[in-house]
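Take a look at the structure below.
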2 protein chains.
Amino acid sequence: MAEETELLHGTLDTLILKTLSWGPRHGYGIARWIQDTTDDALEIGEGSLYPALYRMERKGWIEAEWGVSETKRDVKFYSLTSQGRARLKLELAQWTRFTAAVSKVLYETR
Amino acid sequence: MAEETELLHGTLDTLILKTLSWGPRHGYGIARWIQDTTDDALEIGEGSLYPALYRMERKGWIEAEWGVSETKRDVKFYSLTSQGRARLKLELAQWTRFTAAVSKVLYETR
DNA sequence: GCCGAGTACCTCGATTTTCGAGGTATCATA
DNA sequence: TATGATACCTCGAAAATCGAGGTACTCGGC
């Protein structure tokens, strides 16, 4: 139901990194988890998801390994690298700074 | 100093609308105000600013009128239309919903 | 009178990202 | 055996930001 899709720009990576910080997960599962956690406020389309995963893998933030899911299907498990953990920390700090700055503008009442 | 420029995506319009909600201002002044208000955390490049203003004018959210600044220079004053005011309200609500959703993912400690 | 810095406008192309739509295949359930 | 959910992937369109470039005016200092 998210109309604020444009806002996702630049945030998707952070969301994925954070999701993986709880442990390995396969692509589809990552999208599901984010959607569930946010009560469907955030929907990650597969056309956004997979390109994002490749991008992050290429940058060395995450690693992929084929495995078998609980439902007995071949899936690709992604996990955070140490670089990815560092990156998450950085992006988290950026997000905090950014939203604080935006708030100064948006929530000022005079 | 903002490295979080990618995050600006989709937020710039809202920031500009909010800035104009205090009254008319010229383009350069809008960027200055945002930068000052956020203690330089948010820097609006002119290559982002002017295209954004035209976009919003085209959509009917803001209006432009040439005038003379306090410093006696020809400047273009932008002001909010009623459509713009409605749009601001909408975008404010979206931003609130969006950040709330992102927070659910990012700030969960388990 | 000249020069530099700051003000103020504008434009262009490159880059990046998200998204929708399309495609394939498997598994469970009815 | 058909349907729906799971799960992967790819492509091109659309949109936005950014840096770098350009013009021109005003003011203060020398």
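Here is how names work: the chains are called A, B, and so on, in the same order as the sequence lines, proteins then strands, and each is numbered from 1.
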Sorted by chain and residue number, the side-chain contact (heavy atoms from CB on, under 4.5 Å) partners of T96(B) (sequence neighbours excluded) come out as Y107(A)
[X] [atom1] to [N] [atom2]: how many Å, rounded?
X	N	atom1	atom2	result
E43(A)	dT18(C)	CD	P	16 Å
E65(A)	dC8(D)	CD	P	14 Å
K59(A)	dT16(C)	NZ	P	8 Å
H9(B)	dC19(C)	NE2	C1'	13 Å
I16(B)	dA16(D)	CD1	P	12 Å
I34(A)	dT18(C)	CD1	C1'	14 Å
R25(A)	dC8(D)	CZ	C1'	18 Å
M56(B)	dA15(D)	CE	P	16 Å

Under a 4.0 Å heavy-atom criterion, the protein footprint on nucleotides 5-12 of chain C, written with B, S and -, is -BBBBBB-
Contacts of Y28(A) meeting side-chain hydrogen bond (donor to acceptor under 3.5 Å, both in side chains) (sequence neighbours excluded), chain-then-number -> R32(A)
side-chain hydrogen bond (donor to acceptor under 3.5 Å, both in side chains) partners of Q35(B), counting only residues at least two apart: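 side-chain hydrogen bond (donor to acceptor under 3.5 Å, both in side chains) check on Q35(B) returns D40(B).
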Self-check item: Angle between terminal axes - the helix from dG1(C)-dC30(D) to dA30(C)-dT1(D), 5 pairs each end, rounded to 10°
Solution: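 Here the local axes at opposite ends form an angle of 20°.
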*asked:* Per the side-chain hydrogen bond (donor to acceptor under 3.5 Å, both in side chains) rule, what does the pair list look like for residues 10-21 of chain A, sequence neighbours excluded?
replied: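 Output for this query lists D13(A)-R55(A), T14(A)-E91(A).
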Residues pairing under side-chain hydrogen bond (donor to acceptor under 3.5 Å, both in side chains) where one sits in residues 66-77 of chain B, two or more places apart or in two chains, turn out to be S69(B)-T71(B)
**Report entry** Donor-acceptor under 3.5 Å (T37(B) side chain, W33(B) main chain)
**Finding:** yes
* Side chain T38(A), main chain I34(A), donor-acceptor under 3.5 Å ->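 Checking the backbone N and O of I34(A) against the side chain of T38(A), a donor-acceptor pair under 3.5 Å is found.
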- salt bridge (charged side-chain N to carboxylate O under 4.0 Å, His left out) partners for K104(B), two or more places apart: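 With sequence neighbours excluded, K104(B) shows a salt bridge (charged side-chain N to carboxylate O under 4.0 Å, His left out) to D39(A), given in chain and number order.
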Apart from V75(A) itself, its cluster of hydrophobic side chains linked below 4.5 Å comprises F77(A)
